[in-house]
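Chain naming here is simple, since letters A, B, ... match the order of the sequence lines and numbering starts at 1 in each. Because the structure is a prediction, the values reported are computed rather than measured.
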2 protein chains.
Amino acid sequence: MLAVQSPFARKLGAFVALSDTELSALDRLYGRRKVFPAGRDIVHQGQSAQSAYILASGWVCSYKIQTSGSRQIVDFQIPGDFLGLRSVLFRTADHNIEPITQVEASEVPAKDLFETFSTMPRLATAVLWAASRDEAMVVEHLVGIGRRDAKERMAHFLLELGARLKLVGLGSATGFACPLTQYLLADAMGLSAVHVNRVLRELREDDLLTFQHGQVTIHDLDGLVLLADFDKTYLDHDGPLLR
Amino acid sequence: MLAVQSPFARKLGAFVALSDTELSALDRLYGRRKVFPAGRDIVHQGQSAQSAYILASGWVCSYKIQTSGSRQIVDFQIPGDFLGLRSVLFRTADHNIEPITQVEASEVPAKDLFETFSTMPRLATAVLWAASRDEAMVVEHLVGIGRRDAKERMAHFLLELGARLKLVGLGSATGFACPLTQYLLADAMGLSAVHVNRVLRELREDDLLTFQHGQVTIHDLDGLVLLADFDKTYLDHDGPLLR
DNA sequence: CGAAACCGCTGATCTGCCTCAGTGCGGCAG
DNA sequence: CTGCCGCACTGAGGCAGATCAGCGGTTTCG
């Protein structure tokens, strides 16, 4: 085992126990580091995509725009997450990716990705695994928008975000730093920004959590879990699943 | 190339050009055929899953139940679709799978799946591909629930379903047979059954489509596409993506 | 063959969230 | 220092879709 690992290797390592050869193959993928400023899209809907990205630092969101102009944020990505895997597989992007903060990411050309998959099937499995976890999150998100009211939805979303950040060492049980504006939250949760504001106020008045000045502080974890019907098993597991 | 292919092999073949060795490996996976009656769940939330399934005939839905009792249908599966891949990867199911009609499906034990993936990386890529297409559908579904009103949502859903069925030879441009009840539609679209009924009536009164007696008939395809802001590129492509 | 269950369908009423139309504050460019 | 812009925040009013309550037809089953 190598001593220092990227967040990405750490995440994959949680799925599949990785050999040194596999780890150094990952490091090779991880080489081409780039910096993106906040606000300018990295990938556009419909654009043909030759590369995927691995997020090293900063936050991004993936979203879709309808011709009517309204947008739906599908997911936020945090360090260690894989970006645009689906776009690479389909050779064209079906969604946009926008950096919320300044972002560092490694570019992974499609060719390198496929070569690595062919020569190291276990890595392919690991990536499939990571992609499945992301899909599980999208599914949870779908359930949230379809069947939870605004307050439950917000609570669930922030709990999930907290759990994800904790996994990569960017949060604790009591809270986390969060660069999302109420407008971004609204686009993610299928609400209006006005209503997001009211819901956050309600959560504050109920002494459940505070979201102010880019900081989420959790006051009553049990209360939130109860309200949101939150079950973190889909994010968590104990040790590598494939040895 | 083998002359006769299962719907599943046909679907994967659309993603990756498959050799005879790979096709016969698929046939081996496809062997263990089982029949399930309508209504009794094949997989339960939280249950540990040792097998995935490949749907040969009939319709199923995957859904999640909240402790409050309300349910959200995440997706419907039709012949050729893969069931429970994520459940196998995580070793426990995070959702339920219920047959809507009587169903024939091939059981694929996790062990066989992993072995096939290790020895035939191209098959792993193909499955990753198919899984990505399914995720793209879930994403589109998410956008629908978050940002489309009931009528647009219904139109989009039925257009998508029609396109999928056409791909496996179970529908035409003018319509398709559809065993879904209005209650199932409601649970899928995050609406009440009452409202589903009204929306279907509106679509009928607008001469866009008719959904009666288990049959969807499309009267005005262009009108529907316009209303739903439907873009089928995420379902379609020309020829295998990997040769 | 009657009862129960399911499904499609409808009118009336209620409500969660949207839209509109603002105010106030902090950061930043000129 | 001033004016602008983005963001958090608020009240008033409106509407899409939920909920409640009920009818009629068809299938299933004791």
Side-chain angles (χ1 to χ4, degrees), chain A residues 37-40 59 61 66 68-72 98 100-101 144-155 157-158 178-206 209-217 227, chain B residues 37-40 59 61 66 68-73 98-102 144-155 157-158 177-206 209-217 227:
Chain A
R40 249 243 304 300
W59 293 42
C61 66
Q66 300 189 254
S68 75
S70 70
R71 87 167 174 177
Q72 175 68 47
E98 177 188 317
I100 291 166
T101 63
I145 291 186
R147 291 296 172 199
R148 275 190 265 265
D149 70 23
K151 208 163 156 185
E152 295 165 2
R153 210 182 296 176
M154 180 67 74
F157 173 77
L158 292 175
C178 179
L180 305 177
T181 66
Q182 296 183 351
Y183 289 87
L184 286 167
L185 286 173
D187 282 346
M189 328 231 328
L191 296 171
S192 67
V194 172
H195 204 62
V196 164
N197 184 283
R198 294 194 221 279
V199 166
L200 287 175
R201 185 180 55 191
E202 282 177 47
L203 289 172
R204 207 182 318 130
E205 286 168 358
D206 295 349
L209 66 81
T210 308
F211 185 169
Q212 267 167 343
H213 317 299
Q215 186 69 31
V216 174
T217 312
L227 169 66
Chain B
R40 249 244 303 298
W59 293 43
C61 66
Q66 301 190 252
S68 75
S70 70
R71 88 167 172 175
Q72 175 68 45
I73 291 179
E98 177 187 318
I100 290 165
T101 63
Q102 196 189 74
I145 292 186
R147 291 295 171 200
R148 275 189 266 265
D149 70 23
K151 208 164 158 185
E152 295 165 1
R153 210 181 296 176
M154 179 67 74
F157 173 77
L158 292 175
C178 180
L180 305 177
T181 66
Q182 295 183 351
Y183 288 86
L184 285 167
L185 286 172
D187 282 346
M189 328 230 327
L191 296 171
S192 67
V194 172
H195 204 62
V196 165
N197 183 284
R198 295 194 220 279
V199 166
L200 287 176
R201 185 180 56 191
E202 282 177 47
L203 289 172
R204 207 182 319 130
E205 286 168 357
D206 295 350
L209 66 81
T210 307
F211 185 169
Q212 268 166 343
H213 316 299
Q215 186 68 32
V216 173
T217 312
L227 169 66

Minimum-distance nucleotide to A:A150 side chain [options: D:dC9, C:dC17, C:dT10]: C:dC17
Any idea which of C:dT10, D:dG17, D:dC9 is nearest the B:N197 side chain? C:dT10
Give one of base, sugar-phosphate or nothing for B:G190, where a contact means two heavy atoms less than 4.0 Å apart. sugar-phosphate
Counting any heavy atom closer than 4.0 Å, what does A:T181 reach on the DNA or RNA strands: base, sugar-phosphate only, or nothing? sugar-phosphate
Between C1' on C:dA12 and NE2 on B:H195, what's the gap in Å once rounded to a whole number? 15 Å
Can you figure out which of C:dT10, D:dT10, C:dC17 approaches the side chain of B:R201 most closely? C:dT10
For the pair B:E98 and B:R71, evaluate salt bridge (Lys or Arg N to Asp or Glu O under 4.0 Å) and give the outcome as yes or no after the intermediate values. CA-CA 12 Å; B:E98 177 187 318; B:R71 88 167 172 175; 3.4 Å; yes
Please state how far atom CG in A:L200 lies from atom P in D:dC7, giving the value in whole angstrom units. 15 Å
Could you tell me the separation between the CZ atom of A:R153 and the P atom of C:dG16, rounded to a whole number of Å? 13 Å
Has the side chain of A:R153 got a donor or acceptor atom that lies under 3.5 Å from a matching backbone atom of A:R148? yes
B:A38 and B:I100: which non-hydrogen atoms are nearest, and at how many Å? CB-O, 3.5 Å
Regarding the side chain of A:D149, the nearest nucleotide among D:dT19, D:dG11, C:dC17 is C:dC17
Can any side-chain N or O of B:Q72 pair as donor or acceptor with the backbone N or O of B:A188 at less than 3.5 Å? yes
In whole angstroms, the gap separating P of C:dC7 from CG of B:D187 amounts to 11 Å
When only distance counts, do a donor and an acceptor, one from the side chain of A:R198 and one from the base of C:dG16, lie under 3.5 Å apart? no
Whole-Å gap separating C1' (D:dC7) and CG (A:L180): 14 Å
Students often get this wrong, so: under 4.0 angstrom with heavy atoms, is B:A193 touching a base, only sugar-phosphate, or nothing? nothing
Measure the distance from CD on B:E202 to C1' on D:dA16 and round it to the nearest whole Å. 10 Å
In whole angstroms, the gap separating C1' of C:dC17 from CZ of A:R148 amounts to 18 Å
Mind checking B:L191 for me? I need base, sugar-phosphate or nothing, with any heavy atom below 4.0 Å counting as a touch. sugar-phosphate
By nearest-nucleotide position on DNA chain D, the 5'-leaning member of A:R147 and A:F211 is A:F211
Minimal non-hydrogen separation, A:F211 against A:L180, with atom names: CZ-O, 3.5 Å
What's the closest nucleotide to the A:Y183 side chain, out of D:dA8, D:dT19, C:dC9? D:dA8
Round to a whole Å and report the spacing from CE of A:M189 to C1' of C:dG16. 14 Å
Can you tell me if B:Q182 touches the phosphate of C:dC9, counting only side-chain N or O atoms and a distance under 4.0 Å to OP1 or OP2? yes
